[in-house]
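Okay, structure first, notes after.
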Amino acid sequence: GSLPPDYGKWSKAIELRLKDNLLSGSLPPEWSSLNDVEIIYLHSNLLTGTLPVEWMSLGRIRQLFVEDNNLEGALPSEYNRLTDLEILIAASNRFAGGIPSEWGSMTK
């Protein structure tokens, strides 16, 4: 199955554990409204598309796990605004380019 955009309405969600579920499709930009989410586990699925630029609005995100999928494109330079982000694991995908220079301003 795919990731429902409606999960973006779960305004009080703190953690989403959706790893190893054979999920397919793209990452919903609508999830950018998950204001309180701190941890998202999406690794080891069949996800495609890019990391949504809109997710730069995830103001409390501390950990984002998207490894072992089929994600592609460039890593969003805007993620340097995720000031609480401590861990981003995105290995084993098809990302193009390197780590954005803007990420050099990240402090955690």
Side-chain angles (χ1 to χ4, degrees):
S2 60
L3 297 172
D6 288 351
Y7 284 10
K9 295 177 183 174
W10 294 358
S11 61
K12 298 297 179 189
I14 293 175
E15 187 172 316
L16 293 177
R17 289 181 178 257
L18 300 168
K19 63 181 184 126
D20 296 314
N21 280 298
L22 299 176
L23 296 170
S24 60
S26 61
L27 302 173
E30 294 86 353
W31 285 18
S32 63
S33 60
L34 291 168
N35 298 327
D36 291 333
V37 74
E38 295 179 4
I39 304 171
I40 298 177
Y41 295 98
L42 291 171
H43 57 288
S44 304
N45 281 294
L46 303 170
L47 299 170
T48 58
T50 62
L51 284 174
V53 172
E54 293 85 354
W55 283 18
M56 70 182 179
S57 300
L58 296 172
R60 293 191 179 177
I61 191 82
R62 292 184 303 109
Q63 300 177 9
L64 177 58
F65 299 89
V66 294
E67 73 269 23
D68 297 322
N69 281 289
N70 294 307
L71 299 172
E72 57 191 8
L75 296 170
S77 60
E78 294 85 354
Y79 280 26
N80 70 327
R81 298 180 196 161
L82 298 173
T83 57
D84 288 338
L85 188 64
E86 298 169 349
I87 299 171
L88 168 63
I89 301 181
S92 299
N93 281 290
R94 293 189 233 159
F95 292 114
I99 296 173
S101 61
E102 292 85 353
W103 287 19
S105 65
M106 297 172 86
T107 58
K108 294 193 177 187

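- Counting only N and O atoms by type, the side chains of R60 and N35 include no donor and acceptor under 3.5 Å apart.
- For E38, the side-chain hydrogen bond (donor to acceptor under 3.5 Å, both in side chains) criterion is met by R62, not counting sequence neighbours.
- Counting only heavy atoms from C-beta outward, the side chains of L3 and N45 never approach each other to under 4.5 Å.
- Rounded to the nearest 0.5 Å, atoms CG (L71) and OG1 (T48) are 7.5 Å apart.
- Summarising the geometry, atom CG belonging to L46 is positioned 8.0 Å from atom CG belonging to L23; distances are rounded to the nearest 0.5 Å.
- One hydrophobic cluster, built from ILVMFWY side chains closer than 4.5 Å, cannot hold both V66 and I39; they sit in different ones.
- A 4.5 Å side-chain heavy-atom check between E54 and W31 finds every atom pair outside the cut-off.
- Between I61 and I40, some side-chain heavy-atom pair lies under the 4.5 Å cut-off.
- Every residue was checked against the side-chain hydrogen bond (donor to acceptor under 3.5 Å, both in side chains) condition with S26, not counting sequence neighbours, and none meets it.
- Separating the CG atom in L47 from the OG atom in S2 is a distance of 9.5 Å, to the nearest 0.5 Å.
- Judged by distance alone, with hydrogens and angles left aside, the side-chain atoms of S33 form a donor-acceptor pair with the main-chain N or O of G8 at under 3.5 Å.
- Under the 4.5 Å side-chain criterion, counting only non-hydrogen atoms from C-beta, W103 is in contact with L75.
- Put simply, L16 and L42 are part of the same group of oily side chains (I, L, V, M, F, W, Y) that touch within less than 4.5 Å, one to the next.
- Between D68 and S92, the shortest heavy-atom distance links the atoms OD1-CB, 3.0 Å.
- Smallest separation of non-hydrogen atoms from Y41 and E15: CE1-OE2, 3.7 Å.
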Apply side chain to side chain contact (heavy atoms under 4.5 Å, CB included) to V37 and W10, showing your working. CA-CA 9 Å; V37 74; W10 294 358; over 6 Å; no
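- The cluster map of Ile, Leu, Val, Met, Phe, Trp and Tyr, joined by side-chain heavy atoms under 4.5 Å apart, puts I89 and W55 in different clusters.
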List the atom pairs, donor and acceptor, that lie under 3.5 Å between side-chain atoms in residues 76-88 and the rest of the protein, sequence neighbours left out.
residue : atom : partner : partner atom : Å
Y79     : OH   : P52     : O            : 2.7

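- Between the CG atom of L27 and the OG1 atom of T50 there is a distance of 7.5 Å, given to the nearest 0.5 Å.
- In this structure, CG in N93 is found 7.0 Å from CG in N70, a value given to the nearest 0.5 Å.
- Put simply, NZ on K19 and NE2 on H43 are 4.5 Å apart, with the number rounded to the nearest 0.5 Å.
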